Amino acid sequence: MSQLYSVPEHIKAKAKIDNDGYKKLYQQSIDDPEGFWSEHGQRITWFTPYNKVKNTSFESGKVSVKWYEDGTLNACYNCVDRHLANNADKTAIIWEGDDPSVDKHITYRELHKEVSRFANGLKKLGIGKGDRVAIYMPMVPEAAYAMLACARIGAVHSVIFGGFSPNAIADRINDCQAKAIITADEGRRGGSTIGLKANVDKALSDDACPSLEHSIVCRVTEGEVEWTEGRDVWWHELVGEVSDECQAEVMNAEDPLFILYTSGSTGKPKGVVHTTGGYMVYASMTHEYVFDYQEDEVYWCAADVGWITGHSYIVYGPLANGATTLMFEGVPTYPGVGRIGEIVDKHKVNILYTAPTAIRALMAKGDEAAKTSTRESLRILGSVGEPINPEAWEWYHRAIGNGKCPIMDTWWQTENGGILITPLPGATDLKPGSATRPFFGIQPALVDSEGNIQEGEAEGGLVIKDSWPGQMRTLWGDHERFEQTYFSTFKGMYFSGDGARRDSDGYYWITGRMDDVLNVSGHRLGTAEIESALVAHKAVAEAAVVGYPHDLKGQGIYVYITPVEGVEVTDELTKEVRNWVRSELSPIATPDLIHWTTGLPKTRSGKIMRRILRKIAANEYENLGDTSTLADPSVVDSLIENRMNK
Ligand code: PRX
């Protein structure tokens, strides 16, 4: 029986929703989704009101998701313009630099100007409604301006995480046929610089991205860059002579707002498409209730805008709510392990939303992270991205939250647009390690391998039975893959790819991915993507990638490789292969352990038995299961004998 943390009195006193309120609203959202979402859709400003609310089907061959389909609005208008009447001088964004002596406050009035000017700049380049624009930026305010400017003119942005390598950039540009990319000379993180433009230049070299016409470069570090006349344009020159008034485009609720690529179980990243109306309703509503956001609070989501968490909970959700959102350029451990707390004190942060991987990195240094700050302003904590182990939960609660801040362990995915399973600060008693209960309108269920729904206490595949407004609509250019990936495993239901357990209180405990997707430090990686990068190396004949338990990263990357015949395996080669993956794909995909082997366990039909590879990587040798179907069972003994250790 895990310890229960009941709602603290000081939270209860102020909270927007208590437990009875949660139960009542949840029931209403399930009994009458139309009525519920019709009412809550009003939180957004519409140019033309909607009459239709929900038009969704999870039926095989006919999967279709539409919300508020006859309404019109603009996401940027909702995040910026509508706050000008009453809150123009309120701080919209607090930007904290990598260097602790550098920060900046941007009011809603300033945000409006910056975004409008850049939107006019984009228009000047001939970019308009429906065009795709890639964004490959560091965590500077211009990244948010760029996203909002695209939304303002109806262009569909696709943010590419700043840690991705040239090949990954090119793949994403080509998949969505982006017309422009917005980048920076360099980014700053943890005291070093990253050549973002240089990566873009490489991605675009040899005419690798024929759709791309413009590369817009923001000056961040003033580092040296190469220049391609006709294609490259400086951000500051582009906005030099344009007006700071730009009418927000009228968008249909179902017009795409952005594409965000994420990893699946095949090699090709998936372009998750989110549209405008439902996404804005869901992102803003979850931001308000999950964090019990109160006017005048300072809210900090320490994610990167390159991920969905940054989209929904740094930019769109909080800005739609007129909040003050903090954007941090750096990393939690620079210049010292106390940085998070120091930022909290400096900007009087009330709500802090971060990832277990960051929490574990700080926890590894004892209580050092808590020594340089008081963190007295903190009221609510959040966690996202991977299961948080109870030990890290307790430490976060005690050392960062001074034992008084409830932790919202929020479970969701890129595909979901916003948080699906989560506590609410004033309503939910907490159990360390559990994401607890569904948000309004979310109907989770657990299924066995045949798709039978399990009642009561149970464990199984985590599915969602009906649609919610923030749900993805399709995969860019591949609706069939969308249906196949999410709706074919269990007919008529959205399958998350995660497994979960439900306890006797109805609380959900996420157990992790059930497919070939890894979660490394909260970053989602497909094993197939890493394998295809590996086999592109000349020394690699065959590769198989699995995850294994890792103290800090949650999961580490364990790589089995059979070398090309005649290749001599040396430490140099191992290093070279490791660096190869870094530069082909991303530093976040760097293998932790590389295991060279003369053979992989395969069935007689040639299929690699990953189950066995996972067990060996995890150092679990009992229950290897039936190995009699292997073409050569002796391979297993040799793999066990040579299991890699750190
Ligand atoms: O396995 C789940 C894990 O992260 C996956 C989604 O990754 P991504 O699309 O990159 O989005 C991350 C941020 C929303 C899920 O399938 N995950 C996310 N949050 C949690 C989690 N696992 C356990 N507990 C969580 N709170």
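When a ligand or atom number is given, it counts from 1 through the structure's own listing order. Quantities reported herein were computed from a predicted structural model and do not represent experimental measurements. Counting begins at 1 with the first residue of the sequence.
Put simply, the side chain of Arg379 never gets that close to the backbone of Ile351: no donor and acceptor are under 3.5 Å apart.
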Please produce the table of protein N or O atoms sitting under 3.5 Å from N or O atoms belonging to ligand 1, one pair a line, distance to 0.1 Å.
| unit_1 | atom_1 | unit_2 | atom_2 | d |
| --- | --- | --- | --- | --- |
| ligand 1 | 1 (O) | Asp498 | OD1 | 2.8 |
| ligand 1 | 1 (O) | Asp498 | OD2 | 3.1 |
| ligand 1 | 4 (O) | Gly385 | O | 3.2 |
| ligand 1 | 4 (O) | Asn519 | ND2 | 3.4 |
| ligand 1 | 9 (O) | Thr414 | N | 2.8 |
| ligand 1 | 9 (O) | Thr414 | OG1 | 2.5 |
| ligand 1 | 9 (O) | Arg524 | NH1 | 2.7 |
| ligand 1 | 16 (O) | Gln413 | NE2 | 3.0 |
| ligand 1 | 16 (O) | Asp498 | OD1 | 3.2 |
| ligand 1 | 16 (O) | Asp498 | OD2 | 2.8 |
| ligand 1 | 16 (O) | Arg513 | NH1 | 2.8 |
| ligand 1 | 17 (N) | Gly385 | O | 3.3 |
| ligand 1 | 19 (N) | Gly385 | N | 3.1 |
| ligand 1 | 22 (N) | Pro387 | N | 3.4 |
| ligand 1 | 24 (N) | Glu386 | O | 3.3 |
| ligand 1 | 26 (N) | Asp409 | OD1 | 2.8 |
| ligand 1 | 26 (N) | Thr410 | O | 2.7 |

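Ring to ring, Phe487 and Phe58 are close: their centroids are under 6.0 angstrom apart. Note: Trp412 and Tyr313 meet the aromatic proximity criterion, with ring centroids under 6.0 Å apart. Between Tyr299 and Tyr293, the gap from one ring centroid to the other reaches at least 6.0 Å. In this structure, Phe161 has its ring center closer than 6.0 angstrom to the ring center of Trp307.
Here the shortest heavy-atom pairing between Gly382 and Phe291 reads CA-CE2, 4.4 Å.
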